[in-house]
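Just below is one structure, and these are the notes that go with it.
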Amino acid sequence: MNRRQFLFASMAFASQLALAGSNSGSDNFLIRDLYNPDGSFSDLAKAANGQRVTFLGFMAPPLKAESGFFVLTKMPMSVCPFCEPDAEWPDDILPVYTKRVVSQPTPFNVRITASGILEMGEYIDPETGFFSLIRLVDGTFEE
């Protein structure tokens, strides 16, 4: 099996898992699984839309204290890129809208699992103006 065949087989398997709704908490996705190399949404993302899924990542420093959402990143970020003009915001992020207010953010360098219902489509947060095309809603997280 060559690299291309392996990649396609892996994508097909992951898509079948999402379609079957078999993400039971032991199957953790990475943020990069949501995107194709050209930046468009992957078949996995499209198949998981509306499903409860779990992602691995890092909590970016919050935009404000006591927020109802946070941004999950694939790499640890020590500063809020919205607060630092020289900071570079990563291309692949995932906003997580939580069930409860996040009053105690997780340290930026601690890996977390974030679970929620994957929701696709344009959304502007009314409180912060944060725009997203994809996000987790009804979210929870743990270290």
Side-chain angles (χ1 to χ4, degrees), residues 3-4 6-143:
R3 184 177 176 190
R4 180 175 284 179
F6 177 77
L7 179 62
F8 285 123
S10 298
M11 288 175 56
F13 179 71
S15 293
Q16 289 302 317
L17 283 177
L19 286 171
S22 63
N23 189 339
S24 63
S26 62
D27 299 324
N28 296 316
F29 297 110
L30 301 174
I31 297 170
R32 69 175 176 232
D33 295 335
L34 296 173
Y35 301 96
N36 292 318
D38 66 359
S40 63
F41 291 120
S42 69
D43 290 338
L44 175 64
K46 293 173 187 172
N49 188 26
Q51 302 294 318
R52 181 161 289 278
V53 291
T54 301
F55 285 87
L56 296 174
F58 298 88
M59 184 183 290
L63 295 171
K64 65 178 199 140
E66 307 268 325
S67 182
F69 89 100
F70 66 91
V71 175
L72 190 70
T73 63
K74 72 175 183 174
M75 301 293 289
M77 298 190 69
S78 61
V79 296
C80 168
F82 294 122
C83 305
E84 297 290 326
D86 293 338
E88 190 172 311
W89 194 239
D91 293 341
D92 46 358
I93 62 172
L94 185 62
V96 179
Y97 288 86
T98 56
K99 293 180 178 184
R100 297 183 182 94
V101 171
V102 179
S103 57
Q104 184 75 24
T106 301
F108 76 92
N109 60 347
V110 174
R111 191 171 199 161
I112 63 170
T113 58
S115 299
I117 298 169
L118 189 68
E119 187 176 88
M120 297 174 72
E122 292 184 1
Y123 177 75
I124 298 174
D125 183 78
E127 192 173 323
T128 64
F130 190 84
F131 176 80
S132 65
L133 291 174
I134 192 166
R135 68 212 138 270
L136 289 182
V137 297
D138 197 28
T140 59
F141 66 95
E142 62 185 30
E143 292 180 21

How long is the straight-line distance from [atom2] of [Y] back to [atom1] of [X], given to the nearest 0.5 Å?
X   : Y    : atom1 : atom2 : result
K46 : I134 : NZ    : CD1   : 10.5 Å
L30 : L94  : CG    : CG    : 11.5 Å
L72 : T113 : CG    : OG1   : 9.5 Å
M75 : R111 : CE    : CZ    : 9.5 Å

For a quick test of reading the model, state the closest non-hydrogen atom pair linking [X] to [Y] and the distance between them.
X    : Y    : value
K74  : I31  : N-CD1, 3.7 Å
N49  : M120 : OD1-N, 3.1 Å
I117 : R52  : CG1-NH2, 4.0 Å
N28  : T54  : OD1-CG2, 2.9 Å
V96  : G139 : CG1-CA, 4.2 Å
S42  : N36  : CA-OD1, 3.5 Å

Given L136 and F141, is the side chain to side chain contact (heavy atoms under 4.5 Å, CB included) satisfied, shown in steps?
-> CA-CA 11 Å; L136 289 182; F141 66 95; over 6 Å; no

Check: F41 ring centre within less than 6.0 Å of Y35 ring centre = yes

With a 4.5 Å heavy-atom cut-off, do L133 and E122 have their side chains touching?
->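 Touching, per the 4.5 Å side-chain cut-off.
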
Check: L34 and L118 side chains under 4.5 Å, non-hydrogen atoms =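 Yes, their side chains come closer than 4.5 Å.
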
Measure from the side-chain N and O atoms of [X] to the backbone N and O of [Y], and report whether any donor-acceptor pair falls under 3.5 Å.
X    : Y    : result
D38  : S40  : yes
T98  : V101 : no
R100 : T140 : no

Quick one: sort the F69 and F130 rings into parallel, tilted or perpendicular, breaks at 30° and 60°.
->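 Tilted: the ring planes of F69 and F130 meet at 30° to 60°.
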
Take the angle between the ring planes of F29 and F55 and call it parallel below 30°, perpendicular above 60°, tilted in between.
-> tilted

Give the C-alpha distance, both sets of side-chain angles, the deciding distance and a yes or no for side chain to side chain contact (heavy atoms under 4.5 Å, CB included) between F108 and T73.
-> CA-CA 10 Å; F108 76 92; T73 63; over 6 Å; no

